[in-house]
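Chain identifiers are assigned alphabetically (A, B, ...) following the order of the sequence lines, protein sequences preceding nucleic acid strands; residue numbering begins at 1 within each chain.
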Amino acid sequence: MPPLPQSFFDRPVAELARALLGCRIRLGSVILRITEVEAYAGPEDSASHARFGSTDRNAPMWGPPGHAYVYLCYGIHNMLNITAEAPGRAAAVLIRACEPIAGLEQIVRRRGGRAGPASLAGPGKVGAALELDTGWSGHPLYESGGLSVLAGERPVRVLAGPRVGIDFASPADQARPWRFAVADSPWVSQRRGLELLR
DNA sequence: TCTACGATCTTT
DNA sequence: AAGATCGTAGAT
């Protein structure tokens, strides 16, 4: 199955976030189904890494859509984002949780022998399952080979709610319902604050 | 250079 | 409830 075309990623970031639910991430023999995401916009979004403008770290957010933006969080966790919108407009979708489709043995090995929903619910765990590091930042996801994003089954029902871990942002941006998850999936990091999207 | 602090996870 | 752990951003 070929990766999704770059045009798939060229749309408003919250819209792309929802569209990514159900899609697949492939790296080598590991395939994951995306079950939970968060949208982060440009400088106008006080929760976004883009809030201080363009830097070496967040440069992929300003680049073309459909590229990886990987950064290290708390000195430990490699977080995977997918860039959205046209070049010049900073935006990215954080992948917060996935369901394993293939390569479960490798995932379990990387996570120290553990399996089950908890092993892929949480953005740091997604990075660990794929063995990502910041060297992947900027990588195009619409080309075969390496890290890529494939089409998948769209979820029937979607949950939405405020983003997690952004206490530093303005109240309005904290309230923005830009976190989305596949309803009825056990592969979600936190159900708290999520409500069914109409 | 120097300092403060994370879009987290695990353990207590 | 708190520690791990280190790159990045902003200040000096």
**Item:** Watson-Crick/G-U partner (both atom distances under 3.5 Å) of B:dA7
**Value:**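 Here B:dA7 is not engaged in any pair, so there is no nucleotide opposite it.
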Of the nucleotides [options], which one has an atom closest to the side chain of [X]?
| X | options | result |
| --- | --- | --- |
| A:Pro123 | C:dT5, B:dA7, B:dC9 | B:dC9 |
| A:Tyr40 | C:dT8, B:dC9, B:dA7 | B:dA7 |
| A:Thr55 | C:dA9, B:dC9, C:dT5 | C:dA9 |

**Asked** Do A:Arg96 and A:Val37 have side-chain heavy atoms sitting under 4.5 Å apart?
**Response**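 Counting from C-beta outward, A:Arg96 and A:Val37 never come under 4.5 Å.
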**Prompt:** Is the shortest heavy-atom distance from the side chain of A:Asn78 to the side chain of A:Thr134 under 4.5 Å?
**Reply:**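 Yes, their side chains come closer than 4.5 Å.
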What is the nucleic acid contact for [X], judged by heavy atoms within less than 4.0 Å: base, sugar-phosphate only, or nothing?
| X | value |
| --- | --- |
| A:Tyr71 | base |
| A:Ile166 | sugar-phosphate |
| A:Ala47 | base |
| A:Arg163 | nothing |
| A:Leu72 | sugar-phosphate |

**Asked** Which value, rounded to the nearest 0.5 Å, describes the distance between A:Ile25 atom CD1 and A:Ile95 atom CD1?
**Response**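 Nearest 0.5 Å value for the CD1-CD1 distance: 4.5 Å.
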**Message:** Using heavy-atom distances to pick each residue's nearest nucleotide on DNA chain C, tell me which of A:Thr134 and A:Ile76 is more 5'.
**Reply:**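 Upstream on the strand: A:Ile76.
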**Message:** Under 5.5 Å centre to centre and under 30° between planes: does that hold for A:Tyr74 and the six-membered base ring of C:dA4?
**Reply:**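 A stacking contact does not exist, since A:Tyr74 is not both close and nearly parallel to the base ring of C:dA4.
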**Request:** Taking only the side-chain nitrogens and oxygens of A:Arg96, find out if one of them lies under 4.0 Å from OP1 or OP2 of B:dT8.
**Result:**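 Checking B:dT8 against A:Arg96, a side-chain N or O does come within under 4.0 Å of OP1 or OP2.
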**Message:** Between A:His49 and B:dA7, is there a contact of a side-chain N or O with OP1 or OP2 at under 4.0 Å?
**Reply:**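 Indeed, a polar side-chain atom of A:His49 lies that close.
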